[in-house]
Amino acid sequence: MSEERIQLKINGLPVEVAQGTSVAAAILNSGRTSFRQSVDEESRGPVCGMGICFECRVSVNGHPHIRACMTTCEAGMEVITFG
Amino acid sequence: MGKTAKFDVLIIGAGPAGIAAAMAASEPGKCVGLVDENSAPGGQIYRALKGQIQNSISSQIKTLDDRGVIRFDGATVYDAPRPNTLSITKGGEFQTLEYEKLILAVGARELFLPFPGWTLPNVMGVGGLQALVKAGLDVKGKRIVVAGTGPLLLAVGDFLKKYGAEVLAIAEQAPIVNLLRFSTNLLSFSSKIGQGISLIGSVGTKIRPGTWVASASGTRALNSVILSNGKTTQELECDYLACAYGFVPNLELPLLLGCAVEDGFVQVDSTQQTSVQNVYCAGEPTGIGGIDLSTLEGTIAGYFANQNDCPTLVLKARDRWKLFSKKLDATFALRTELKELASPDTVVCRCEDVRMSQLVGWESSRAAKLQTRCGMGACQGRICGPATRFLLNWEHGTVRPPLIPVPLAGLETRTSAVIEQPEN
Amino acid sequence: MGQNFDAIVVGGGIVGCACAYFLSRDLKRVLLIERGPIGGGSTAAGMGHVVVMDDSPAQFALTNYSQQLWMELYPQLNHACEPRMTGTMWVAADEEEFSHVEGKRDFYVKNGLPAEVLDTKSLEEAEPSLRKGLPGGLRIPQDSVIYPMAAAQWLLGQAQLRGCTVMLGQSVTKAKNGEATLQDGTVLSARYIVNSAGDHASSLTPEIKIEPRKGHLIITDRYPGYVNHQLVELGYLKSAHEMSQESVAFNAQPRATGQILLGSSRQFVGWNDEIDRALIAKMVKRAEEYLPSISQLSVIRTWVGFRATTSNKLPLIGFLPSDPKMLVAAGHEGLGITTSVATGMLIADLVAGRPSKIDRSPFAPTSGVAA
């Protein structure tokens, strides 16, 4: 297994992860728990881990509503979480 | 070899059923496609670390590649715009794929039931947490409660322990009598015994039968859970709660194609063909049965879709495993106490924050949807739909395109893709 | 023979609910019968744009009156109805369309409604997502947006507070001479029966001719602020008027949720309720001509519904000439959410023998309109 490390930014701060890590795992590993704000402004994070629940939506490279669990980290990626 | 616009056999889902179907359907001269939304084949059960292919299936995948099976990894089906045609999205691009025969091996998802605190960050599914760990989540030293129902709880408890987590408890809602009866039944399925024993050895002392999560609490994220057995409760401080109540099939694509569904499962004949001609279905959507049954059904669907007879041995084995899955259902039947967990202000529809109190009194899921927005959000009712079916006996909602949210550009007209077929 | 009602309203779309709302102010024993969920037919396929239309004098009078009634109701509506004063922005695609804008503004202003012409620059400022360089538009600030199904339910709920009863899951197979026959054979009698069965009104009252006109809708995920007004192309009326087989016009609405609701299409294809992908594609393309970046927005769902369409583009509101106990309140085409409350008021006026605030004669289901 390749253990090449890559750098991305979460909420503007640099984060280093192993290649192949999902954005959801990267966010949780960085100590953040809230991915998005719900309609009633509750904090939410990933539930199903496989692209079904849409609770882990974050902004990736300026695109909102991206499922963090279905997105693999790429070098230079800019991820924004909410809440 | 040349280009093709039409697959002889197109398979949706590259889990155990889909891979088996591809193995059975592929042969020289046949054009077979295998579509999966994950970045590597394997499905949930063979999900490997960080987007790689698990060793146990790598030789099969290599065989498929050698036979010229065209894989669409990271591709999601979102519409069936014309007969014998599916729309897929992959890496932000859209294309349509045409087929003569279609095999739906679209798998299942976990059933989540609402309880106070289930929407807190770090409350996840059982397979959900496992998938996240496989995708790089570090659980070393984390205190984790595993809860819900079914054999997956033990497997994931064991898995998490191997990754350095401290598994505080495995709360299995099924009563101990059911579990004992089930373990006796396991004796007639030799391949399952070893598996079962090794799991119990690893995390066995943590199992609490007849126990479920009554509530979870925390301020910004999960802080503790309360376990209940109906008589006493216990609070456990933890970092993650992995909780799911078994599986529900992914019926969205079968329903969009018009496949008959009864009692929540896709109806198939002995060849795994659905009510729609040339559309086959294998694995969990025809009945939750686990990996062995899925593999057998996939094999059968693959043979028949490729217009070959299937060995009788395989057909008989499928029927035997169907019996096993029935026993599984009875063992892990959900207790009625789970219907009472949500309090009036517990969110049921997580996308639209529709609470339990808003859902009481509507005569149907559609009436509730129109008035409360329950099921109208981004997950399109995939989470609250099965939950309200259990809690309120509501029927399935209708399925309309797109099957999964896609950029609006995906709804523009597209001509079918011409696929470059590799040399055999 | 079943109970004796003062009035039976057949159909629980927003028009039927509005009829129940106003009838129950005058009458004690009102019954509304609906076979599906409240607001589950054409109402659920309505955008909820409460708009004054200048198409014909009768249509202007009805939409204007109805909008005034809505404005009086807005402070009372519950949260779920989501009333929002978005205003309408009629967008000109080219100079030719823009050349008609001042005339249109003058008409609204002359009739006492605020209206404002926007040039290229002010249109860009008001709606930054619109394509740059459009000649301009016309803003009608008093137009608004509501959530139709909740509004229907609210109107009915208010009627219920006044004693109106509701029968769900039943359909009326026959209605004549003050007798309504249910599908289970039960016969209910009433002094008046109101046919507000929308696109199905003709099946109950065969002498009126109402045809289903299919429409498609598309809704996106939440993008608050992407558009601010209900955006409608100035060519919309032309599209709505063509009685051709198929037409598409740009119509984008900011929902209270931040979602964008996209219309609109019109087709005469009977009751075929399949999603027409080619037509959806045309709607997307049309929207892209005005909102170039919309193709990047995530779409959650598409669906279809049927408008109840009459041959003269006006709803039928009034007594059926052949049956003094039978009233019709149907055929609202694409304006039923707007005109529902005025319709309910007119029906109540008719039953009470009162004059109405507007001339009712253009809507009378006379033999001229009937098939």
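A note on names: the letters A, B, ... follow the listed sequences, proteins ahead of strands, and every chain is numbered from 1. These numbers come from the heavy atoms of this one structure, side chains and all, not from hydrogens, waters or symmetry mates.
Residues from residues 214-224 of chain C that place a non-hydrogen atom less than 4.5 Å from a non-hydrogen atom of chain B comprise I218(C), D221(C), R222(C), given in numerical order. Interface residues of residues 372-387 of chain B toward chain C, defined by a heavy-atom distance below 4.5 Å and sorted by number: R373(B), M376(B), G377(B), A378(B), Q380(B).
By the 30° and 60° cut-offs, the orientation of the rings of F7(B) relative to F72(B) is perpendicular. The aromatic rings of F250(C) and Y290(C) sit parallel to each other, their planes meeting at less than 30°, with 60° as the upper class boundary.
Contact of I294(C) with chain B is made through backbone and side chain together, with heavy-atom distances under 4.5 Å. With a 4.5 Å cut-off on non-hydrogen atoms, E288(C) touches chain B through its side chain but not through its backbone. For L168(C), the part lying under 4.5 angstrom from a heavy atom of chain B is the side chain only. Looking at T257(C), only its side chain comes within 4.5 Å of chain B, counting heavy atoms on both sides.
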message = Determine whether Q44(B) and R47(B) satisfy the following criterion, side-chain hydrogen bond (donor to acceptor under 3.5 Å, both in side chains), listing intermediate values before the conclusion.
response = CA-CA 5 Å; Q44(B) 303 309 335; R47(B) 185 188 281 271; 2.7 Å; yes
task = Starting from the C-alpha separation in whole Å, work towards a yes-or-no answer on salt bridge (charged side-chain N to carboxylate O under 4.0 Å, His left out) for E100(B) and K6(B).
result = CA-CA 7 Å; E100(B) 291 285 349; K6(B) 204 165 199 175; 3.8 Å; yes
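When only modelled atom types and interatomic distance are considered, S343(B) and T346(B) share a side-chain donor-acceptor pair under 3.5 Å.
Among the candidates A287(C), A281(C), A150(C), S295(C), the residue making the largest number of heavy-atom pairs closer than 4.5 Å to chain B is S295(C). The candidate with the highest count of non-hydrogen atom pairs below 4.5 Å against chain C, out of S364(B), G410(B), P402(B), is P402(B).
In this structure the side chain of H229(C) reaches within 4.5 angstrom of the side chain of E127(C), judged on heavy atoms. Contact of the P285(B) side chain with the L253(B) side chain is not registered, since no non-hydrogen atoms from C-beta on lie closer than 4.5 Å.
The distance from the CZ atom of R307(C) to the CG atom of D199(C) is 11.0 Å, given to the nearest 0.5 Å.
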